[in-house]
There are 2 protein chains.
Amino acid sequence: MNIGEVAERSGLPPKTIRYYEEIGLVTPTRSVNGYRAFRESDLHKLAFLGRARSLGFSIEDCRALMALYEDQGRASADVKSIAQHHLDRIDAKIAELQSMRDTLSDLVKSCAGDHRPDCPILRDLAAK
Amino acid sequence: MNIGEVAERSGLPPKTIRYYEEIGLVTPTRSVNGYRAFRESDLHKLAFLGRARSLGFSIEDCRALMALYEDQGRASADVKSIAQHHLDRIDAKIAELQSMRDTLSDLVKSCAGDHRPDCPILRDLAAK
DNA sequence: CTTGACCTTCCGGTGACTGGAACCCCTATG
DNA sequence: CATAGGGGTTCCAGTCACCGGAAGGTCAAG
């Protein structure tokens, strides 16, 4: 399989796949013409990575998850730990955004949004 | 005022203040010894920037907000528009994170997290 | 005179890619 | 056989908003 087909089937852009090779997440072989030659197992790995990334796992988390996936003797506790930490980070991020959202929403509501210069949003940013 | 005092009073790290000068958000004068010399107005600007950044506005949004703040003839609609767009982005981000959170939370709950290798998290990432 | 706390600039790195340039390879068509 | 196109390749630079660190200048106190 060339990179184009793998891109299509994995849903990852070719650029991303090359990048993943560069950082050692996949190691396709090479054809005589120098093209990357992907096996089914490479495609499988890339799909795994794509799904992990879509859940927001960092590249390093993905690397660790892949290693655990391929380690038959893994303890599910190790996987769960990574996922739990990630979940905690997400919760923290949501809380942070939610707090911004609340403030911002109040400000937007309080602003007339017309041709006049008076603006509670600017007043809030400037004061305090 | 030297940068240290401004940093303390604005809550921004010196590195950040230098960076803001570099990209033209503040333009302190210079003392004879080459040190940056900040006026009260610079401090005020930096505090404004710090609060806008803490609400998640991008640097370019901050630049625009500052310009509006200093434009006596502004229309509050312009400010509101920036804030509303930012609010929309935040809502989108929260929705994205919330969706990740939901999936991830289910996966974490379903994983025993013990010494055994069987793991629904990895199964989910690998399958589909 | 030295110490230590400031300040300066400059360079490189962060995360996870993305865009673009310059070039090679392969197949099909005129 | 030349060429056009649609693959592929590498390498470099840029993104965003800074942060860390090195090498060195400045200043007040002891």
Side-chain angles (χ1 to χ4, degrees), chain A residues 1-38 42-43 45-46 48-66 82 85-86 89-90 92-93 96-97 100, chain B residues 1-38 42-43 45-46 48-66 85-86 89-90 93 96-97 100:
Chain A
M1 259 182 291
N2 283 349
I3 202 168
E5 187 182 345
V6 177
E8 183 148 352
R9 291 178 58 188
S10 69
L12 296 171
K15 280 275 186 187
T16 299
I17 297 173
R18 290 194 192 98
Y19 174 66
Y20 286 176
E21 182 191 19
E22 192 188 325
I23 62 174
L25 287 180
V26 274
T27 47
T29 59
R30 294 286 173 144
S31 305
V32 273
N33 61 12
Y35 288 14
R36 287 169 183 81
F38 296 85
D42 294 319
L43 174 58
K45 272 193 187 191
L46 287 166
F48 182 101
L49 290 168
R51 280 187 296 268
R53 288 287 300 133
S54 78
L55 286 179
F57 285 105
S58 72
I59 288 286
E60 286 319 304
D61 278 352
C62 290
R63 198 190 295 279
L65 289 170
M66 277 285 305
I82 292 173
H85 279 115
H86 181 43
R89 279 194 301 273
I90 287 183
K93 191 70 191 172
E96 186 193 344
L97 287 174
M100 286 178 186
Chain B
M1 259 181 291
N2 283 349
I3 202 168
E5 187 182 345
V6 178
E8 181 146 356
R9 291 176 60 188
S10 69
L12 296 171
K15 281 275 185 185
T16 298
I17 297 173
R18 291 194 192 98
Y19 173 66
Y20 286 175
E21 182 192 19
E22 194 187 325
I23 62 173
L25 287 179
V26 273
T27 46
T29 60
R30 293 285 176 146
S31 304
V32 273
N33 59 13
Y35 288 14
R36 287 169 183 81
F38 296 85
D42 294 320
L43 175 58
K45 274 194 186 193
L46 287 166
F48 181 102
L49 291 169
R51 280 187 296 268
R53 288 289 298 133
S54 78
L55 286 180
F57 285 105
S58 72
I59 289 285
E60 287 318 304
D61 278 351
C62 289
R63 196 189 296 279
L65 289 170
M66 277 285 306
H85 280 115
H86 180 44
R89 279 194 302 273
I90 288 183
K93 191 73 190 168
E96 184 192 346
L97 287 174
M100 286 178 185

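Just so we're on the same page: letters track the sequence lines, and every chain starts at 1. Since this is a predicted model, take the numbers as computed values, not measurements.
The OG atom of B:Ser58 sits 8.0 Å away from atom NE2 of B:His86, with the distance rounded to the nearest 0.5 Å. Between B:Phe38 atom CZ and B:Thr27 atom OG1 the span is 10.0 Å, to the nearest 0.5 Å. From A:Ile23, atom CD1 reaches atom CZ of A:Arg63 across 5.5 Å, with rounding to the nearest 0.5 Å.
A:Ile17 pairs in a side-chain contact (heavy atoms from CB on, under 4.5 Å) with only one of the listed residues (A:Leu46, A:Leu25, A:Leu49, A:Asp42), which is A:Leu46.
Closest of all the heavy-atom pairs between A:Ile82 and A:Ala64 is CD1-CB, 3.7 Å. Residues A:Ser31 and A:Ala37 approach most closely at OG-CB, 3.6 Å, considering heavy atoms.
Side chain of B:Asn33 to backbone of B:Tyr35: a donor-acceptor contact under 3.5 angstrom is found.
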List every contact pair, protein side and nucleotides 26-28 of chain C side both N or O, where the distance is under 3.5 Å.
none

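Scanning residues 2-15 of chain A for heavy-atom distances under 4.0 Å to DNA chain C yields A:Pro13, A:Lys15. For the segment residues 58-66 of chain B, the set of residues with a heavy atom within less than 4.0 Å of an atom of DNA chain D comprises B:Ser58, B:Ile59, in numerical order. Within residues 18-31 of chain A, the residues approaching DNA chain D are A:Arg18, A:Arg30, by heavy-atom distance under 4.0 Å.
Phosphate proximity of D:dA17 to B:Thr16: absent, as no side-chain N or O sits under 4.0 Å from OP1 or OP2.
Contact annotation: the side chain of A:Lys93 never approaches that of B:Lys93 to less than 4.5 Å [non-hydrogen atoms, C-beta and beyond]. Annotation: side chain of B:Asp61 is in contact with side chain of B:Arg89 (closest heavy-atom distance under 4.5 Å). Two residues are said to be in side-chain contact when any heavy atoms from C-beta on lie closer than 4.5 Å; A:Tyr20 and A:Arg53 meet this criterion.
Scanning for side chain to side chain contact (heavy atoms under 4.5 Å, CB included) contacts around B:Met100 gives A:Ile90, B:Glu96, B:Leu97, with sequence neighbours left out.
Within the structure, salt bridge (charged side-chain N to carboxylate O under 4.0 Å, His left out) contacts touching residues 23-34 of chain A (residues at least two apart or in different chains) are A:Glu21-A:Arg30.
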